[in-house]
Structures are given as C-alpha cells and as structure tokens.
There are 2 protein chains.
Amino acid sequence: MTTPAGPADTAAVRRHNLALVLRYVAAHGPCARTEIAGATGLVHASVTGLATELIERGLVREVGSAATGGRGRPRRLLQLVPERVMAIAVQVTLERLEVTAADLDGTAVHRASAVHRAPFGDPEPLAAAIAREIKLAADAVREVDGAYLSGAVIAMAGPVTGPGHTIAAAIDFGWPAQTDLRGLVAAHLPDLGCPLDVVNDANCAALAEYHAHGAARELPDTVAYIKADTGVGGGLLIGGRIHTGSTGLAGEAGHIPIDLDGPPCACGARGCLALAIGPEPLTAAAGLADLAARDGIDAALAELDRRLALGDPHAVAALADAGRSLGAAILAISGLTGAAEIILGGYLAGWCDRLTPGIDTTLAGRRAVAPHLGFAITPGLLGPAATLTGALLTTREATLADPTSVPPV
Amino acid sequence: MTTPAGPADTAAVRRHNLALVLRYVAAHGPCARTEIAGATGLVHASVTGLATELIERGLVREVGSAATGGRGRPRRLLQLVPERVMAIAVQVTLERLEVTAADLDGTAVHRASAVHRAPFGDPEPLAAAIAREIKLAADAVREVDGAYLSGAVIAMAGPVTGPGHTIAAAIDFGWPAQTDLRGLVAAHLPDLGCPLDVVNDANCAALAEYHAHGAARELPDTVAYIKADTGVGGGLLIGGRIHTGSTGLAGEAGHIPIDLDGPPCACGARGCLALAIGPEPLTAAAGLADLAARDGIDAALAELDRRLALGDPHAVAALADAGRSLGAAILAISGLTGAAEIILGGYLAGWCDRLTPGIDTTLAGRRAVAPHLGFAITPGLLGPAATLTGALLTTREATLADPTSVPPV
DNA sequence: TCAAATATTGCAAGAGTTGAAAAAATAACT
DNA sequence: AGTTATTTTTTCAACTCTTGCAATATTTGA
C-alpha cells in the first residue's frame, strides 16, 4: 500500500487494490478479469468488485470479448479509458512557456507556446503568465466531454523542496530563496479545482525517459539520468518514482566536482561537471566560442553537430574529452546512488557515440578490475519533449496510485 | 502502510496499525492509550484493541498508572518490552568475527569475538565459522526466558545486492562474484528458526549513526554517511531506511573520482576519494609511511592521532589536505543523493575539527554563491561499535514494521 | 458523600476481502 | 438439435478491521 504516516483503514485497502488493478490494466492493454486476478494475486470476486468501481469512475471500460481458444465462456476484456483523465503541464524556460494538456496516454488536447518577459528578481509577472496559460488549458479540458482534470504541473529549473514545493533558488530568474511559486500561481486560479504542483524540469525528463525505457524492458530499481542542453541537469528515480532528496537537488549532476583543482564554476565550486559537458564549455572546446558569442549557443551547438557529422577531428576530440569527464561523473553517480542504469539526455543522447570513447577511457580500468561493473549507460529515447511528457506523467502516477481521486461517472 | 507489490487486505491494515502503535510506544517511552490515539490519529477504541494484541505478543506491557494532574481516571502507561525480542549480529572483518546478541534496546545478552582464518578464495570455512558463532548466540538467546529470536544479520564489507543478499564482490576475501554467503551459512543452520540476512557493514554503521542522531533531533529524509577506518565506506539513508540501490553500493563514497587526472586506484579508476582520505594515503601524507609498513596501519593511525593532538604541522597539513578532497566528495554526495545531512564516521569523526579547514576551503565558494547550502556536516556519535549496533537495528526495524512476526505470549 | 472529569472498554454498524457455490456463455460432442 | 464440458464471471455468507457512540471505570475536588 502507499505509505502514509497515519493510520490505515479499509478505505486504504480499497485504494491500494484499485490502484493495483488499474495499473495492471494500464500496463497490459486489454485484459480479462481472470488474467488480472492471476497476475495481481487478488481473488476473482475481488477483481469483479474492483473492476466495477473502476468502470463507474470511468477509468476502465469493457471492450468486447475474446474467445480463449478452447471452449468455455469467452473473456470480457477491460481497457483503460485514457481520455477520462486530463492533466496540464507547463514548462518554464527563460524565454517561453510551453503548455500541454493531455490524457493518460499523453494524447494532447491543447498545446500552447507563449513568450514571456520575466523581470529579474520578481516572480509575480511570470506567475501571472503561467496562471493565464493554465486557465486556457483548463478551459480546453473542460470542453472535452467527460474528461476529469486531475492536476496541473509547473516544470522549471531549480531545486524544488519539501511538500510546499517552494523553489529554493532560481538563479536564472533572480528570485529570492524559497519562492512559493505554487502559491503565487494558485492565487490567480481560485477555482482551478485540481492540485497544482511545481517540480524540477530535469526530474520530469528523467521520469519520462524512465517510462520510455521501461516500456521496452524491465528497469532496475534505481536509475539515474543526466542531461545537457541549455544547462546540465539530472534526476534520480527510485522504484519508478522521482527522488528529490531533502535538498530537492538529488540527481543534479551538473555541479558535482570531478576535478579537484579544476577551473572555478559560477556555482562557487571548482571543476564541476557542467564545465566539462555544458554547452558553452563544450562548444568552446571545439573552437566555436566566437560563433557562440556572435550567434548564440544554439547556433554553436548546431554547428558542432554538423562538424561531428562530418567527422571534424577538433570536434570529435572535444566530445571525447567531455566523455572522459562524463565517465568520472558516471562513476560517482553509480557509486553514490546505486543506480544500475544511467540514461543520457539532451545532446548527450544524440552524441552518445562520440562520447563513448572518452567514457570508456575513464571506465576502462574499473571495468578491468570489476568486469561486470554493475551499471549500464544508455542514450535517452525522447528529445526535448521529455520534460513536458514527464510533467504529465507525475500526475498520471498520482491518478494510478489513487483511482478514488477520480469521481464516479 | 508498507508497500508490497501484492494485494492488500484487512490483515495488512492490522499490521500497519500495530506497527504504528508499537513504533510510538518504542519512541516515546511509557505513554497512555489516549496519548497514542492523539498522536497517531487512531481512535481510542482502535488503540485499545491494538494495544491488547501487542500485550498478548509480549511486545508491550502495562507499567503502572500516572495521574494526569487534574481529576479523572489516571492514565495506564504502556511501555515497550525490549527483552521480548532478541537479534544476533555478526561483524566479519579480515581477521575476526565480532558477535552480539541483543534485545530491542541493544542490551547485549551474549558477546563473542573469534579469530578466523579465511583461506583466500574459498568462502566455505568462513561460512562455517559464522554459523558456529550464530549457533552459540542463538543458544544464549534461548536461555533467556520468553525471548523471541527475530533474526540474525551478517555485516561485512562488499556490495550486497538483491533480495538474495548475494555478495557481488568480496575483493579482500577473493571470493567469486555473486557469492551466496547467506545460503552457505544457512546450510549449516537448518533449524535456526529466524531470518538470516547479509548486509553491508558500512550501511549498518550508517543506520546506527542515523538512529543516534535522530534520537536527539529531527533528521532530514535523506542522510548520507561516510566513514574511514580500515577502508573508506558509506551508506545512504532515505526515510530512515538503508537504500542499497540496484548495485548494492549506494552511498559507498570511497571510490568516487574527485580528481580526474589523479593517481590510479586499486579499483581501476583514478583519483578516488579513498586515495585522499584512506588510512594508508593519509598516514603516508603525514610522513608515516615507514611506520605503517613496519608496525601496521593501526600503529600509524595511532601515531597520527598523537601528532595531531600535539599540533604537529605536518600532520595537521595532511588532514587539511584530506579535508579538501572530502569537501569535494561531500558536494558530490549532496548533489547526487539530495542528502541534507552528511555524517562522518570512523576516524573522520574524531578528526572532524582537523578536517574542517580543508572542507571549508572546498565549500567556501559554493557557500558564498548559495548561502544556505542546504546540508550540514556532523561528526558521528558512535565509535567502532556502530556496525554491530546498526546490524541489530536492521532487525529491530523489521520487528517494528511487522509486530505480527512476533508470536503471542 | 457526591459530582465532575478523564481514561478505557463494549457494541453495533459499515466497508473490504475471501472462498465456495451459482450463473453465464461458449465449444465440442453425440 | 440437444447435451455436456469448460471457462469466466457474479452472488452470497463469513470473517476481520476500523469507527463512532454509549457505557464503564477511576480518581479529584467540593
């Protein structure tokens, strides 16, 4: 069962078992009650009752029958009704708001992209803009017949701590410590009628990649994710759930030191990973500093990508060097978190082949001593959409964990 | 409630609520049913029933009354019966077995220390020796009237993975990968009558320090532990429980790289933390390499301790230098795990003051940029006994989590 | 001695799961 | 065409657990 601090009662049992059945149906497509009973350990009679309640809540529907091959009553198949539950996700970057409202399958019913101008140091205008977008998305959801709005999630950079979801530090926006972005946005949405959460953007991406990989094969209990795009971030997944840690920074690999006497970093420390694999240092190492200064970092990254495709030795060497540093970070991540799988996202995914030689250089010695090193390194499957997808998944998880949060019919 | 994969029923509810009450009684000394009801959220009537069952299982007893001050029926106080449940812990080091059988309070009823000679590469003789010691300890427990043997735990170096508790690698003993030490020992103990587990020794120490600190004040959700004595190890605690990770190595800080181009380590990588704060490098840095070679590492550490007490500049500088490296590791640990508290154990605890200057050197820049850094560094409160204490705590946790594992009367 | 106050326990009601029996629905057989 | 075997699903009584309310127990203060 879920692990609340408080007492348990029969309602908690019901919640747990409803979640058990709903999760099975969601994961294993159309399936019969008998199959669910066999797989979950529940008794047939219980599955009947649980399925009935899920149907009443509109989360599951019967979808025809399927003869089992031999004789006997045919199975009546149950299927998830993804469009029953919708969630809203807002990704906040320095210049834009990306908004999606989608159902449990991730099928979007509303998309928006808005430019915002957030004055340095004052979160209020941005909060108002976010609230405006959420309101539009919520209106779009309400247009859909029978859809239940389960939650809205704001994904943005910076550590998010505690149950209050306050943002410990948003350096790029210059906000004061412990800014209660959720509270500021919620103040504009008095009748939103669903939970509003703030989560770290890299953690969202980590969750999305975890699900993407987990669909194809069994994943280990502890999985780490590192991404680099406009910055370096990451996330840590334990038992399929985001682990934020007490600092809200768990898995944020960008500012771990890998070089004791390395160059100073803007974070105040020295030799951070971000100085080795971040976009500015990486393009600079490939001789593209001037281009980055003139046309912006995106142009420089695009040029680096072009040169890598052409096999430019300077660019290839820069990636190999970054790989060496990344290898050290991977050793630290696996050692400290116990992650048995490390997923690379952002441009690390696309350039994985170019990074591998450097990574191997760092890991070769350890691999020789400990042949089955205990962890795998895999490129991410999702592109930039990972963040929004992951934000939607957080509310999907909440719905699957407590189906009683969705009202009947 | 605890979170098993399977279905939940009313028995699970009972287990959860029994654990809730037992945990409260164990943590908050003698207390009345009313107090328990108020603190846990259970209703008075439920507490009555739950307390009755705990009394029947011998885990709790009534211990007099206490007038509440004003008028009214006095409170009947309930108290944990620590001696009801005993556990056995065996700590395995290269030369010795240290054994303790103790009750829920950690009060020992049996202690033993045995020299063993484990042939390199063959775990069987050591398994036999461990089984012998466990048998003696179990006999001692059976002497105690009314005591229930809840479990036996073997604490030893090396990563312990999966539900099978196999030892992925025991380099010091030269065992093959995935050695099933638990199985080997259990084969000698066909009628032990209690669970037998193998856990990582540093993880045990981490758990013990967590409890020691937590007794005095509220601890954050995620806490990390690093220790150095004969080697460098550590552990990661999430929600008060050991997180082993999928590799079984979570929190093992000894072989995270902090210096990309540092010296090669026996683990195969370069610039590992163990090369900076491990006993051999540390004594060598203080100019005690010859002494270590001649009289052993313990003698060299003792001499280092003496010189530190005298303020020997060479020794002090060595500690400061180690502190710099430790600071880098601490940044990595906090960043990756989200730990808001990092506990230093082994000689790191005793020499904490001497390490602090170096740690501060590394952290100063970060502290300047992020004033409330988000984590605290504290010395451990327990000495070498931490490992055995922690091993006992793992079974204590199991008992508190499922009081129905203890039979009636 | 009596009333007030507080702690604990009994008891019926409500909700959940379970196991066995009954009902439903189809294929195979005669 | 009718019947039987087989498989799936539902119904129903039994049991356990928490809950809320009323009853009981026990002490203090007047």
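Sequence lines set the chain letters: A, B, ... in the order given, protein chains first and strands last, and positions in each chain run from 1.
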| request: Counting heavy atoms from C-beta on, name the nucleotide in C:dT8, D:dT19, C:dT18 closest to the side chain of A:L42. | output: C:dT18
| note | Winner on side-chain proximity to A:T10, out of C:dG16, C:dT9, D:dT27, is C:dG16
| task | Using atom CZ of A:R33 as one end and atom P of C:dA25 as the other, report the distance to the nearest whole Å. | result | 13 Å
| message | Of the options D:dT8, C:dT8, D:dG20, whose atoms approach the side-chain atoms of B:V43 most closely? | response | D:dG20
| field | Electrostatic pair B:D103-B:R84, nearest N-O below 4.0 angstrom | value | no
| Electrostatic pair A:R75-A:E62, nearest N-O below 4.0 angstrom | no
| said: With a 4.0 Å limit, can you tell me whether A:T48 has a side-chain N or O closer than that to the phosphate oxygens OP1/OP2 of D:dT10? | reply: yes
| request: Look at the side-chain N and O atoms of A:N17 and state whether any lies under 4.0 Å from the OP1 or OP2 oxygen of C:dT17. | output: yes
| Hey, does the side chain of A:R33 reach the backbone of A:T48 with a donor-acceptor pair shorter than 3.5 angstrom? | no
| message | Of the listed nucleotides (D:dT10, C:dA5, D:dT18), which one gets closest to any side-chain atom of A:R76? | response | D:dT10
| task | Output the single nucleotide from D:dT18, D:dT10, D:dT26 whose closest atom is nearest the side chain of A:D9. | result | D:dT18
| note | Closest of C:dA24, C:dG19, D:dA5 to the A:A45 side chain is C:dG19
| query | D:dC17 C1' sits how many Å from B:L20 CG, rounded? | reply | 15 Å
| side-chain contact (heavy atoms from CB on, under 4.5 Å) partner of A:V25, the single match among A:V81, A:L59, A:I36 | A:I36
| task | Calculate the interatomic distance between A:R15 atom CZ and C:dG16 atom P; express it in whole Å. | result | 11 Å
| query | Which comes earlier along DNA chain C counting from the 5' end, the contact point of A:G41 or that of A:S65, where each point is its nearest nucleotide? | reply | A:G41
| query | Looking just at side-chain N and O atoms, do B:H243 and A:T222 make a donor-acceptor pair shorter than 3.5 Å? | reply | yes
| On DNA chain D, nearest-nucleotide positions of A:G72 versus A:G49: which is more 5'? | A:G72
| said: Using whole Å, what does the distance between atom P of nucleotide D:dC15 and atom CZ of B:R14 come to? | reply: 17 Å
| task | In whole angstrom, give the distance that lies between atom CG of B:L18 and atom P of D:dT16. | result | 15 Å
| task | Report the distance from atom NE2 of A:H44 to atom C1' of C:dA21, rounded to the nearest whole Å. | result | 14 Å
| task | Report yes if at least one side-chain N or O of A:T34 is closer than 4.0 Å to OP1 or OP2 of D:dT7; otherwise report no. | result | no
| request: Rounded off to whole Å, could you give me the CZ-to-P distance for the B:R71 and C:dA3 pair? | output: 13 Å
| message | Is it the case that D:dT8 (base atoms only) and A:R73 (side chain only) share a donor and an acceptor within less than 3.5 Å, ignoring hydrogens and angles? | response | yes
| With respect to the side chain of A:R75, which nucleotide from C:dT18, D:dT8, C:dT8 is positioned closest? | D:dT8
| task | Using distance alone, with no hydrogens and no angle criterion, decide if B:D105 and B:T107 have a side-chain donor and acceptor under 3.5 Å apart. | result | no
| message | Output the rounded distance in Å from CD (B:E35) to C1' (C:dT6). | response | 15 Å
